[in-house]
Novice: 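Pasting a structure below so you can have a look.
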Amino acid sequence: MENLASRTSSAALQLRFAQNDIDTMTKREKNLWQGIDPAAQDTLGGRDYRTTSFAQELAQRGVDASELMVADHKQGQNVGGHRELAYVTGAKYTLGSPTADSTGLSNPVTLIGATPGSKLAIVRDRTGKMANVKFANIGVPLNPDGTLSTVEEWPRACEVKDPWIPGVEVFARKIYPQRHRGCFGEFVRRDEGILARIGLWPKQWSAARMFACTAKGFHVHPPSIPEDSAAANWLRRLFIDEAENYSLRRYDDEQWDVMFFLQGRIEMILCDVRAGLPRRVMRFFIDGDNHRGNNNVGVVIPAGVAHAIRVEGSEDVIMVYGTSTIFHPEFEGRIASEIETAELPESWREFLAL
């Protein structure tokens with residue numbers, strides 16, 4: 001009884017101290033800026049450090065591309081061995097005993113992506129160690145009481161699905177270091193992986209270099225609408241009602257982009273401006289192949305989704321991208337910016353016009 005009373009008294013004392021700290025902080029905050037000139041106080045503002053939902057981060061501040069590395073963000077099975085599991089990026093999993101024994105990973109692991117063609121899952125444990133494992137050896141997430149969860153209970157699955165722009169694909173790439181030489185990484189295989197599944201193979205490949213502190217875009221490519229269809233009805237059928245009927249897509253008549261980054265770091269901003277579809281924004285950061293890690297990804301951008309790329313940091317960016325059609329200037333609607341256009345000063349232009 002004495003020990004119980006002692007613990008109760010100690011807990012009450014700690015609670016009183018905590019309340020005093022809160023009261024002191026509240027009083028201090030009221031006069032926090034009294035030592036600053038009132039005119040200067042009016043110009044000050046605070047930064048918002050609050051943690052928001054994943055959907056808000058994706059639309060406003062941006063997330064790492066590794067959080068979007070998905071095999072299928074629209075549906076999934078909570079049964080080991082189904083490759084659709086790869087879309088639940090960031091969820092905690094247990095490993096089947098054969099894989100755990102062979103890789104030496106600790107439990108739980110995080111499913112962060114898949115190898116080309118979704119042949120193997122890429123997982124990482126709490127120490128940062130990664131391994132490629134068979135999908136059959138990945139268990140489903142566990143509830144706190146030890147029971148198996150269902151797909152509806154996977155928070156990241158729901159968080160990714162709601163703000164995701166229909167038709168956009170983000171898929172993992174594996175970069176292999178080559179000692180004393182550099183690195184090697186595949187872009188994509190025509191008959192495997194995401195592009196094979198959606199039936200898209202570019203007709204033109206191009207490369208671009210972006211200097212540090214510059215941006216490319218915003219620009220958008222117009223969707224192709226059949227003559228007997230209203231634009232909004234067609235696009236809803238294509239991306240909502242029959243989202244997995246890829247044979248409906250008009251790749252030959254509209255420009256879709258497939259992008260990869262060899263060097264540097266970028267922020268990609270996507271904005272859905274297609275008729276009849278909700279306006280959604282996705283912002284995420286991608287690393288070039290020279291920064292080997294989980295943010296090495298490829299991105300598929302549909303026609304009608306406005307996109308921009310901003311160089312993140314002081315390093316030039318080198319990108320490679322494929323397009324579903326050959327280049328047509330009329331397929332490009334641009335929103336110019338000072339960063340992108342870098343126009344000559346007015347006095348220079350007057351001089352050159354003499």
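We use all heavy atoms of the structure for the numbers below, so side chains are in, but hydrogens, waters and symmetry mates are not.
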Novice: Could you tell me the separation between the CG atom of Asp253 and the CZ atom of Phe331, rounded to the nearest 0.5 Å?
Specialist: 7.0 Å

Novice: Is there a path from Val220 to Ile165 through hydrophobic residues (I, L, V, M, F, W, Y) whose side chains come within less than 4.5 Å of each other?
Specialist: no

Novice: Under the 3.5 angstrom rule, does the side chain of Trp234 hit a backbone N or O of Leu238 as a donor-acceptor pair?
Specialist: no

Novice: Any non-hydrogen side-chain atom of Pro223 less than 4.5 Å from a side-chain atom of Leu235?
Specialist: yes

Novice: Transitively linked via ILVMFWY side-chain contacts under 4.5 Å: Val300 with Phe285?
Specialist: no

Novice: Out of curiosity, does Val281 fall in the hydrophobic cluster containing Val305 (side-chain heavy atoms, cut-off under 4.5 Å, transitive links)?
Specialist: no

Novice: Check whether Asp289 reaches the backbone of Cys183 with its side chain - one donor and one acceptor, N or O, closer than 3.5 Å.
Specialist: no

Novice: Under the side chain to side chain contact (heavy atoms under 4.5 Å, CB included) criterion, do Phe327 and Gln204 qualify, and how do the steps go?
Specialist: CA-CA 8 Å; Phe327 176 69; Gln204 178 175 330; 4.0 Å; yes

Novice: Please output the side-chain donor-acceptor pairs of residues 256-263 that fall under 3.5 Å, not counting sequence neighbours, one pair per line with the distance.
Specialist:
from   : atom 1 : to     : atom 2 : distance (Å)
Trp256 : NE1    : Glu254 : OE2    : 2.9
Asp257 : OD1    : Gln255 : NE2    : 2.9
Asp257 : OD2    : His221 : NE2    : 3.2
Asp257 : OD2    : His307 : NE2    : 3.1
Gln263 : NE2    : Asp316 : O      : 3.1

Novice: Are any non-hydrogen side-chain atoms of Ile309 and Glu267 less than 4.5 angstrom apart?
Specialist: no

Novice: Is a salt bridge present between Asp287 and Arg265, judged by a nitrogen-to-oxygen distance below 4.0 Å?
Specialist: yes

Novice: State the CD-CG distance between Gln41 and Leu32, to the nearest 0.5 angstrom.
Specialist: 9.5 Å

Novice: Take atom CZ in Arg349; do more than 12 heavy atoms of anything else shown fall under 6.0 Å from it?
Specialist: yes

Novice: With hydrophobic residues grouped by side-chain heavy-atom distances under 4.5 Å, do Ile269 and Val297 end up in a single group?
Specialist: no

Novice: Would you say the side chain of Leu277 lies within less than 4.5 Å of the side chain of Arg236, judging by non-hydrogen atoms?
Specialist: yes

Novice: How about Tyr251 and Ile198: do any of their side-chain heavy atoms sit closer than 4.5 Å?
Specialist: yes

Novice: If you take all heavy atoms of Arg190 and Ala196, which pair is closest and at what distance?
Specialist: O-CB, 3.5 Å

Novice: Might you point out which heavy atoms bring Leu248 and Glu242 nearest each other, and give the distance in Å?
Specialist: CD1-OE1, 3.6 Å

Novice: Between the main-chain N or O of Ile194 and the side-chain N or O of Glu169, is there a donor-acceptor pair closer than 3.5 Å?
Specialist: no

Novice: List the steps and the verdict of side chain to side chain contact (heavy atoms under 4.5 Å, CB included) for Lys216 and Thr214.
Specialist: CA-CA 7 Å; Lys216 185 182 291 289; Thr214 64; over 6 Å; no

Novice: For Asp272 and Gly304, which heavy atoms make the closest approach, and how far apart are they?
Specialist: OD1-O, 4.0 Å

Novice: Answer yes if the side chains of Ser229 and Glu227 hold a donor-acceptor pair under 3.5 Å, and no otherwise.
Specialist: no

Novice: Using a 4.5 Å cut-off on heavy atoms from C-beta on, say whether the side chain of Arg292 contacts that of Tyr176.
Specialist: no

Novice: What's the spacing between Arg209 CZ and Ile318 CD1 if we round to 0.5 Å?
Specialist: 4.5 Å

Novice: Quick check for you: to the nearest 0.5 Å, what is the distance between Asn294 atom CG and Lys174 atom NZ?
Specialist: 8.5 Å

Novice: Mind checking whether Phe218 and Met319 sit in one hydrophobic cluster, side chains of I, L, V, M, F, W, Y counted as touching below 4.5 Å?
Specialist: no

Novice: Should Leu58 and Pro163 count as side-chain neighbours, where that means a heavy-atom distance under 4.5 Å?
Specialist: yes

Novice: For residues Pro166 and Arg280, determine if any side-chain heavy atom of one lies less than 4.5 Å from a side-chain heavy atom of the other.
Specialist: yes

Novice: Once you round to the nearest 0.5 Å, how far does CG of Asp252 lie from OG1 of Thr325?
Specialist: 9.0 Å

Novice: Could you tell me whether Glu57 and Arg283 make a salt bridge, using a distance below 4.0 angstrom between a side-chain N and a carboxylate O?
Specialist: no

Novice: Nearest 0.5 Å, what's the CE-CG distance between Met282 and Leu270?
Specialist: 6.0 Å

Novice: Please answer whether the main-chain N or O of Gly293 pairs with a side-chain N or O of Asn296 as donor and acceptor at a distance below 3.5 Å.
Specialist: yes

Novice: Can you check whether Val320 reaches Trp205 side chain to side chain, under 4.5 Å on heavy atoms?
Specialist: yes

